[in-house]
Enquirer: 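Sharing a structure below in structure tokens format, with a few things to ask.
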Protein chains: 2
Amino acid sequence: MSQLQLNSQHRCFGGSVSYYQHDSQVCNAPMRFSVFLPPQAKTSAVPVLYFLSGLTCTEENFTVKSGVQGKAAELGIAIIAPDTSPRHTGIPDEDKEYDLGSGAGFYVNATQSPWQQHYQMYSYVVEELPQLVESEFPIIPGKRGIFGHSMGGHGALICALRNPNFYLSVSAFAPIAALKQCAWGKKALTHYLGDNQQLWDDYDATELIKRKTWLDKPILIDQGTEDNFLAQQQLLPEELAKACEQIGQPLNLRYQEGYDHSYFFISSFIADHLQHHKQFLI
Amino acid sequence: MSQLQLNSQHRCFGGSVSYYQHDSQVCNAPMRFSVFLPPQAKTSAVPVLYFLSGLTCTEENFTVKSGVQGKAAELGIAIIAPDTSPRHTGIPDEDKEYDLGSGAGFYVNATQSPWQQHYQMYSYVVEELPQLVESEFPIIPGKRGIFGHSMGGHGALICALRNPNFYLSVSAFAPIAALKQCAWGKKALTHYLGDNQQLWDDYDATELIKRKTWLDKPILIDQGTEDNFLAQQQLLPEELAKACEQIGQPLNLRYQEGYDHSYFFISSFIADHLQHHKQFLI
């Protein structure tokens with residue numbers, strides 16, 4: 001019997017959007033995600049692209065707001081969007097702050113109490129979720145890319161850079177590009193990983209890029225110039241760009257004039273991102 | 001000084017999405033709407049397309065979920081999406097039922113107490129809103145179409161059929177096509193207009209089509225076959241189709257296999273609808 005529970009399903013662009021939940025082993029809690037299967041998946045296996053969302057989001061925001069399905073149907077790519085954290089775990093104050101706990105998993109494996117029992121989002125994203133998805137849906141083995149927005153852009157970058165053979169492609173919208181240097185990151189990493197900042201490097205895209213794991217492939221990043229979190233020094237794409245420059249990492253960092261941090265920004269450039277991934281997935 | 005209050009603005013597909021509110025004279029209450037201006041509007045006036053939303057929606061649902069902006073930017077069409085009713089009017093129980101009062105204006109001019117002081121959505125949509133929009137934004141005079149979904153599909157049809165010289169084009173997604181024959185309509189019309197069913201005809205698309213006001217132009221309607229409200233006899237597109245057949249009204253009613261009533265259905269066919277309107281607006 002499948003461990004997946006289908007919550008709802010909608011025909012979309014000739015394919016389907018489905019919302020699932022399942023009992024996650026690594027998070028020791030129910031986890032939810034959405035799946036878009038393009039029409040091509042009815043007759044053959046397709047590549048898959050994982051999208052990681054930002055702070056406060058669930059699996060629904062990207063699924064309903066990004067407009068990703070049109071281009072994904074055209075190119076024949078499946079899209080998986082997981083929730084951003086476990087929820088209703090019983091951890092005290094898990095819902096108290098928007099940037100810690102529920103909706104704010106930061107794609108790390110927590111080592112500190114009270115989080116470590118459930119907040120294992122890194123392992124969830126790079127191991128349990130793809131194993132589940134790729135055994136349950138018609139996905140071509142190994143044809144796998146990852147992208148995300150803000151906290152999820154950070155997530156996509158760290159997952160790809162640490163697993164360069166597992167993911168064929170990576171891109172991000174307004175990612176938190178240097179987690180240990182920004183206020184969001186300092187707070188989250190302290191709570192989830194403790195005070196030893198050397199351990200933080202494994203979750204910092206700017207530190208990871210220096211390991212030269214991704215040198216042979218370009219990274220696409222879009223960043224709105226009117227993004228309030230850019231102004232607040234939470235995103236720091238210039239730090240990532242500097243590190244890429246130093247080691248010769250191909251980076252296509254596009255500053256998009258006048259765009260903010262919203263899904264209106266994401267939807268405007270989603271087709272470009274799918275086109276980027278297509279080069280490596282199809 | 002402008003009577004419009006800008007609540008937020010977002011760059012989108014080279015144009016902008018803006019949320020406004022203003023004090024409506026006809027509704028005697030604040031009203032809200034969203035505006036998408038395509039990039040072409042920076043240098044010249046553009047045609048405008050009004051979208052009316054369904055039960056429980058605000059001006060936001062269509063704006064964030066339909067993906068309309070990509071195609072509208074390509075074609076150079078402005079999109080206006082008003083809220084579906086006045087809100088916070090002080091009418092007792094205005095928020096009590098999802099299909100009456102807030103979020104359920106049904107695009108009629110109420111004549112009955114307690115609604116008639118505020119629920120004048122027909123006049124709002126066909127008079128006050130276009131006057132305001134077309135004086136404040138770079139819209140080509142007279143280049144105006146209308147479309148909508150469910151209750152708003154009904155709204156688009158009745159507004160167009162009663163004002164065939166004002167609107168150049170009309171289309172609908174899963175419209176309530178025969179308001180006086182369905183349960184939603186019987187309830188709303190009784191409360192808003194009273195028991196004299198002859199007065200109801202002015203707000204029933206199937207009755208209005210018989211007046212032969214739109215004969216020279218086709219109407220596009222998409223209807224999902226797995227739409228639960230179709231099964232519940234709330235939509236009745238077959239009644240409208242029968243009336244169109246009788247009088248020779250060109251109707252392109254497309255039953256879309258497997259689609260439901262959601263915005264995933266709308267987003268799948270939104271580009272087709274803009275293409276339909278483009279024939280008459282550009």
Side-chain angles (χ1 to χ4, degrees), chain A residues 7-19 34-39 42 57 60-74 79 81 173-174 222-228 230 254-275, chain B residues 7-19 34-39 42 57 60-74 79 81 173-174 222-228 230 254-275:
Chain A
N7 289 335
S8 72
Q9 192 164 54
H10 312 272
R11 184 71 58 94
C12 187
F13 282 97
S16 61
V17 168
S18 306
Y19 291 100
S34 79
V35 177
F36 173 70
L37 288 180
K42 292 173 191 167
C57 288
E60 202 179 351
N61 303 63
F62 178 74
T63 307
V64 301
K65 291 182 170 183
S66 69
V68 69
Q69 296 90 5
K71 192 71 177 178
E74 180 193 321
I79 308 286
F173 298 90
D222 277 315
Q223 173 60 60
T225 61
E226 297 303 309
D227 183 329
N228 53 339
L230 180 68
R254 310 190 303 184
Y255 282 97
Q256 302 289 1
E257 191 67 29
Y259 285 84
D260 63 20
H261 201 68
S262 71
Y263 273 89
F264 294 115
F265 159 62
I266 296 176
S267 69
S268 299
F269 301 104
I270 193 77
D272 287 359
H273 282 246
L274 265 63
Q275 208 66 48
Chain B
N7 288 336
S8 71
Q9 191 164 56
H10 312 273
R11 183 72 57 96
C12 186
F13 282 97
S16 60
V17 168
S18 307
Y19 291 101
S34 79
V35 177
F36 173 70
L37 288 180
K42 291 173 191 166
C57 287
E60 202 179 351
N61 303 64
F62 178 75
T63 306
V64 300
K65 291 182 170 183
S66 70
V68 69
Q69 296 90 5
K71 191 72 179 179
E74 179 193 323
I79 307 286
F173 298 89
D222 277 314
Q223 173 61 59
T225 61
E226 297 303 310
D227 182 328
N228 52 339
L230 180 67
R254 310 189 303 184
Y255 283 98
Q256 302 289 3
E257 191 67 29
Y259 285 84
D260 62 21
H261 201 69
S262 71
Y263 273 89
F264 294 115
F265 159 62
I266 295 176
S267 69
S268 299
F269 300 104
I270 193 77
D272 287 0
H273 282 246
L274 265 62
Q275 208 67 48

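In what follows, chains carry the letters A, B, and so on, assigned in the order in which the sequence lines appear, proteins first and then strands, with residues in each chain numbered from 1.
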Enquirer: Counting only non-hydrogen atoms closer than 4.5 Å, does Tyr259(B) touch chain A with its backbone (N, CA, C, O), its side chain (CB onward), both, or neither?
Expert: both
Enquirer: Ser262(B) versus chain A, heavy atoms under 4.5 Å apart: side chain, backbone, both or neither?
Expert: side chain
Enquirer: Less than 4.5 Å apart, side chain to side chain, heavy atoms only: is that true for Phe173(A) and Asp227(A)?
Expert: no
Enquirer: Suppose we screen for ring pair (Phe, Tyr, Trp, His ring centres under 6.0 Å). Which residues come up paired with Phe36(A), at least two apart in sequence or across chains?
Expert: none
Enquirer: After noting the C-alpha distance and the side-chain angles of Arg254(A) and Asp272(A), does the key distance pass the side chain to side chain contact (heavy atoms under 4.5 Å, CB included) rule?
Expert: CA-CA 11 Å; Arg254(A) 310 190 303 184; Asp272(A) 287 359; 2.8 Å; yes
Enquirer: Give the member of Glu257(B), Glu226(B), Lys65(B), His10(B) that has the highest number of heavy-atom pairs under 4.5 Å with chain A.
Expert: His10(B)
Enquirer: Using 30° and 60° as the class boundaries, would you call the ring planes of Tyr263(A) and Phe62(A) parallel, tilted or perpendicular?
Expert: tilted
Enquirer: Please rank Gly224(B), Gly14(B), Ser267(B) by heavy-atom pairs under 4.5 Å with chain A and give me the top one.
Expert: Ser267(B)
Enquirer: Taking only residues two or more places apart in sequence, or in another chain, which ones meet Thr63(A) in a side chain to side chain donor-acceptor pair (under 3.5 Å)?
Expert: Ser34(A)
Enquirer: Please classify the contact of Gln256(A) with chain B as side chain, backbone, both or neither, using a heavy-atom distance under 4.5 Å.
Expert: neither
Enquirer: Need one label for Val17(B): side chain, backbone, both or neither, based on atoms under 4.5 Å from any heavy atom in chain A.
Expert: side chain
